[in-house]
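Structure record follows, encoded as structure tokens.
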Amino acid sequence: MPELPEVRTVAKVLNTLKNKQIKNINIIYLKVISDNSLDINLLINKTLKEVATLGKYLLFDFEEYILISHLRMEGKYFIKKEDEEYVKHEHIALNFTDKTSLRYHDTRKFGRMQLVYKDKLSEVPSLTKLASEPFNLDKEEFYKKVSKKRVPIKSVLLDQTIINGLGNIYVNEVLFDSRINPLTQGIELTRKQTDKIVDSSVNILNHAIKEGGTTIRSYTSSLGITGNYQNFLKVHLQENCCVCHNKIQNIKIGGRSTYYCSTCQK
DNA sequence: AACGAAACCTGCGCGC
DNA sequence: TGCGCGCAGGTTTCGT
């Protein structure tokens, strides 16, 4: 499910679990825990202080530990009661002392969790490599990185070490808003264009956050959340351009489905 | 170092 | 009806 707006939306709901204490943990499918994770059972008796996000990552603050969670393609959380039956694809249950059960559900089993010491958080490679989120991204630095890339800008923007938080849908939308052809190589872009990409990213992500994210493909939404940003998509999954009314192109770039208007995006 | 492709998984819709 | 293929909001790893 998740790009930055969806992850923010999930975090908002997860924060309703704040100040609850873990009673026990049920691990049904072990592989969703990273190999390099501390023992998840160290969380027993710990209290959830807050759920923060970093790009597409969820960071659960459990006192001296942080539980890092990445939903990848289809990870979801559901808040249930401890005695509720497990449904298919529920892999982990964090059970709290008040009988609340936080269930991690992931059809494709791509998502990962990793428990680390809070004071070691800054040493976690997958997090330290991340670029800034668009909201506080240094435009000069962004331009420098992008202008070294001899790959389509579509692929560049999916690289979280260059800009953090965009996924396939929002990259498609950002490039339309920036009027840039997704096949354009990074090295071909001007500073003005890379600045525009950052501005568009901020605007589109903020709007999507406000709408609770995007819900497509009739996914069962996480935590009962149904975002509304699908009603504002201008190219992703669209048939015709809302500006020039020409047919929206759907091609593969780097294996990812890319929607764009060949008239508006030069 | 940088890039493309494969790997990691399951379920759904489509064409034959 | 059944089967095979392609597709899905992501990241890491492997080979060139």
Side-chain angles (χ1 to χ4, degrees), chain A residues 1-10 28-37 53-58 68-77 87-92 104-114 124-131 144-175 182-183 185-187 201 204-205 208-209 211-223 225-238 250-259:
Chain A
M1 174 195 153
E3 301 179 44
L4 185 146
E6 292 74 35
V7 174
R8 290 270 186 106
T9 305
V10 169
I28 297 121
Y29 182 74
L30 188 59
K31 279 183 71 179
V32 301
I33 314 281
S34 296
D35 297 335
N36 50 3
S37 174
T53 66
L54 183 60
K56 303 176 190 174
Y57 288 84
L58 288 161
I68 304 167
S69 168
H70 197 300
L71 305 171
R72 296 280 177 95
M73 294 293 266
E74 298 197 22
K76 298 173 183 72
Y77 283 100
V87 302
K88 200 172 182 181
H89 305 306
E90 281 181 353
H91 305 311
I92 307 271
Y104 178 70
H105 179 290
D106 191 342
T107 309
R108 291 173 73 181
K109 300 176 176 167
F110 281 176
R112 290 291 177 269
M113 289 183 203
Q114 182 184 2
V124 177
S126 54
L127 299 183
T128 53
K129 284 184 296 189
L130 294 172
K144 278 186 185 165
K145 282 189 188 173
V146 171
S147 60
K148 286 191 182 101
K149 292 286 189 178
R150 286 182 185 280
V151 289
I153 187 63
K154 171 68 197 289
S155 302
V156 176
L157 299 182
L158 287 171
D159 181 343
Q160 307 296 296
T161 71
I162 292 180
I163 185 168
N164 184 13
L166 301 178
N168 199 43
I169 294 177
Y170 295 114
V171 167
N172 286 337
E173 294 299 311
V174 164
L175 288 174
L183 289 163
Q185 299 206 341
I187 197 170
S201 300
I204 286 169
L205 292 185
I209 290 165
E211 294 296 333
T214 303
T215 307
I216 56 169
R217 255 183 71 201
S218 66
Y219 270 89
T220 308
S221 58
S222 177
L223 290 166
I225 300 160
T226 311
N228 287 319
Y229 195 74
Q230 64 277 10
N231 299 322
F232 298 91
L233 296 173
K234 293 187 172 172
V235 279
H236 190 82
L237 295 177
Q238 306 305 301
N250 180 15
I251 61 172
K252 291 278 176 201
I253 299 179
R256 309 301 302 279
S257 187
T258 302
Y259 293 83

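Each chain gets a letter, A, B and so on, in the order its sequence line appears, and its residues count up from 1.
Residues forming a side-chain contact (heavy atoms from CB on, under 4.5 Å) with K234(A) (at least two apart in sequence, or on another chain): E173(A), F176(A), C242(A). Residues forming a side-chain hydrogen bond (donor to acceptor under 3.5 Å, both in side chains) with N164(A) (at least two apart in sequence, or on another chain): none. In terms of the salt bridge (charged side-chain N to carboxylate O under 4.0 Å, His left out) criterion, E211(A) has no residue partners (sequence neighbours excluded). Residues forming a side-chain contact (heavy atoms from CB on, under 4.5 Å) with T128(A) (at least two apart in sequence, or on another chain): none. Residues that satisfy the side-chain contact (heavy atoms from CB on, under 4.5 Å) test with F110(A), not counting sequence neighbours, are R72(A), M73(A), R108(A). Applying the side-chain contact (heavy atoms from CB on, under 4.5 Å) criterion to S126(A), with sequence neighbours excluded, gives Y57(A), V124(A). Listed by chain and number, the residues in a side-chain hydrogen bond (donor to acceptor under 3.5 Å, both in side chains) with S201(A) amount to none (sequence neighbours excluded). With sequence neighbours left out, E90(A) forms a side-chain hydrogen bond (donor to acceptor under 3.5 Å, both in side chains) with K80(A), R103(A). For T53(A), the side-chain hydrogen bond (donor to acceptor under 3.5 Å, both in side chains) criterion is met by R8(A), not counting sequence neighbours.
Using the six-membered ring where Trp is involved, H105(A) and H89(A) have ring planes that are perpendicular, over 60° apart on the 30 and 60° scheme.
Relative to the side chain of N168(A), the nucleotides dC9(B), dG11(B), dG10(C) differ in distance, and dG10(C) lies closest. Of all nucleotides listed (dC9(B), dG10(C), dA8(C)), dG10(C) comes nearest to the side chain of E3(A).
Atom NZ of K252(A) and atom P of dG10(C) are 12 Å apart (whole Å). In this structure, CG of L58(A) is placed 14 Å from C1' of dG10(C), rounded to the nearest angstrom. Regarding Y104(A), its OH atom lies at a distance of 11 Å from the C1' atom of dC9(B), rounded to whole Å.
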Given the rule that a pair is Watson-Crick or G-U wobble with both distances under 3.5 Å, how would you write DNA chain B in dot-bracket, using | for pairs to a different strand? .|||||||.|||||||
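Under the 4.5 Å side-chain criterion, counting only non-hydrogen atoms from C-beta, H236(A) is in contact with N168(A).
If you take atom P in dA5(B) and the same atom in dG6(C), they sit 15 Å apart, rounded to whole Å.
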Summary of protein contacts for nucleotides 11-16 of chain C, nucleotide by nucleotide, where a base hit scores B, a sugar-phosphate-only hit scores S (4.0 Å, heavy atoms): SS----
When you compare the protein's N or O atoms with those of nucleotides 2-5 of chain B, which come within less than 3.5 Å of each other, and at what distance?
unit_1, atom_1, unit_2, atom_2, d
dC3(B), OP1, R150(A), N, 3.0
dC3(B), OP2, K149(A), NZ, 3.2

